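Just below is one structure, and these are the notes that go with it.
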Amino acid sequence: MTFGFASSPAASLSTSAASASRVLEPAEWAAAGIPLLRNPREVVSGLHARHHPRPSTAVVAVLDPDERLCASASFTRRTAPADGWMFRNALLSQLRRVIPHDLRRRTPVRTAVLLYCREGDARWTEEDGAWMWGLRDACTLHGLRCGAYITLTHDGWQVLGEGRGGRRPHAHSAPEPFATADAPPPVPRTGGPVSEVLRRAAAR
């Protein structure tokens, strides 16, 4: 015999009201003092090249004070109603997997940013608001500063709350190669003293 509980209309209403409260409106996000990215195009292009996001893919990344990438992870959003608490848990799980927390620090040093690839246009949606709520809460629980929330749609990319964006990359564009500065110069495969000199120069 199986016992269960029937959900009452009042319970359903309270659940939906709780979900609605776990959403940040654009004005709330703008008033939260989210630090601006110095070079958002570089951050977006780098994450796009690393993770090749497609619609319904979230990419969370941790940047150091110089905006260098410390760690990043991508995952696919489950087909369920947008809920900031669920998004918070998913982001926190990814952060714990890729980088230690900074909870022992008095003030956060590293910053987490979120790139979310989705269908539709670049205008704010309740789903975006739930991701914003989730990112802010996950950062608090992991000892990080809450950074930018970036959407990637067929129109291009946009940093919500800042009005900065670009046409490439977009939700369906092929990933661009990493900048050549990210990789060391190739070492010649031929032998001999000249090759050894070139190898040492490349190592420097």
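Computation of the quantities below employed the complete heavy-atom set of this structure, encompassing side-chain atoms and omitting hydrogens, waters and symmetry-equivalent molecules. This is a predicted model, so every value here is computed, not measured.
When side chains are defined from C-beta on, S74 counts as touching T57, because their heavy atoms get closer than 4.5 Å. Residues R50 and V59 fail the side-chain proximity criterion, which asks for heavy atoms closer than 4.5 Å. With a 4.5 Å cut-off on side-chain heavy atoms, W157 and P40 count as touching. No side-chain heavy atom of D121 sits less than 4.5 Å from a side-chain heavy atom of T153.
Panel note: side chain R164, backbone L37; a donor-acceptor pair is recorded below 3.5 Å. A donor-acceptor distance shorter than 3.5 angstrom exists from the side chain of D64 to the backbone of D66, with no hydrogens or angles considered.
Heavy-atom minimum distance, W29 versus C146: CH2-SG, 3.5 Å. Listed here is the closest heavy atom pair of E162 and P35: OE2-O, 4.3 Å. Of all the heavy atoms in L36 and E67, the pair that sits closest is O-OE2, 4.2 Å. Nearest heavy-atom pair, M86 versus A80, reported as atom, atom and distance to 0.1 Å: CE-CB, 4.4 Å. Considering every non-hydrogen atom in both Q94 and A73, the closest pair reads OE1-CB, 3.5 Å. The minimum heavy-atom distance between P55 and H172, with the atom names listed, is CG-CE1, 3.8 Å.
Considering NE2 of H170 and CD of Q158, their distance stands at 15.5 Å, rounded to 0.5 Å. Atom NE2 of H52 and atom OG of S173 lie 10.5 Å apart (nearest 0.5 Å). Once rounded to the nearest 0.5 Å, the distance linking OG of S45 with NE2 of H48 reads 8.5 Å. Annotation: the span from I150 atom CD1 to L160 atom CG amounts to 9.5 Å, rounded to 0.5 Å. The structure places CG of L152 at 10.5 Å from CZ of R168, a figure rounded to the nearest 0.5 Å.
Placement of L24 and V159 in two distinct hydrophobic clusters is found when ILVMFWY residues are connected by side-chain heavy-atom separations under 4.5 Å, directly or transitively. V98 and L91 fall within the same hydrophobic cluster, where Ile, Leu, Val, Met, Phe, Trp and Tyr residues are linked whenever their side-chain heavy atoms come under 4.5 Å apart, directly or through other members. Under the 4.5 Å side-chain heavy-atom criterion for Ile, Leu, Val, Met, Phe, Trp and Tyr, I34 and L114 are members of the same hydrophobic cluster. A continuous path of ILVMFWY side-chain contacts below 4.5 Å connects F87 to L95, so both sit in one hydrophobic cluster. There is no path of hydrophobic side-chain contacts, each under 4.5 Å, that joins Y149 to L115.
More than 12 heavy atoms of other residues, nucleotides or ligands shown are found within 6.0 angstrom of CZ on R54. Within a 6.0 Å sphere centred on CH2 of W124, heavy atoms belonging to other residues, nucleotides or ligands number more than 12.
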Acceptor/donor pairs from residues 130-142 side chains to any protein atom, 3.5 angstrom cut, sequence neighbours excluded:
| from | atom 1 | to | atom 2 | distance (Å) |
| --- | --- | --- | --- | --- |
| D137 | OD2 | R88 | NH1 | 2.6 |
| T140 | OG1 | R136 | O | 3.1 |
| H142 | NE2 | I99 | O | 3.0 |

Exercise for review: Please lay out, stage by stage, how L69 and L63 fare under the test side chain to side chain contact (heavy atoms under 4.5 Å, CB included).
Suggested key: CA-CA 5 Å; L69 183 65; L63 309 177; 4.0 Å; yes
Practice item. Before giving the answer on side chain to side chain donor-acceptor pair (under 3.5 Å), spell out for S72 and H51 the whole-Å C-alpha distance, their side-chain angles and the decisive distance to 0.1 Å. Key: CA-CA 9 Å; S72 63; H51 295 277; 2.8 Å; yes
Check your understanding: Is there a side chain to side chain donor-acceptor pair (under 3.5 Å) between Y116 and D128 once you walk through the steps?
Key -> CA-CA 9 Å; Y116 182 56; D128 294 325; over 6 Å; no
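Among residues at least two apart or in separate chains, there is no salt bridge (Lys or Arg N to Asp or Glu O under 4.0 Å) pair with a member in residues 30-47.
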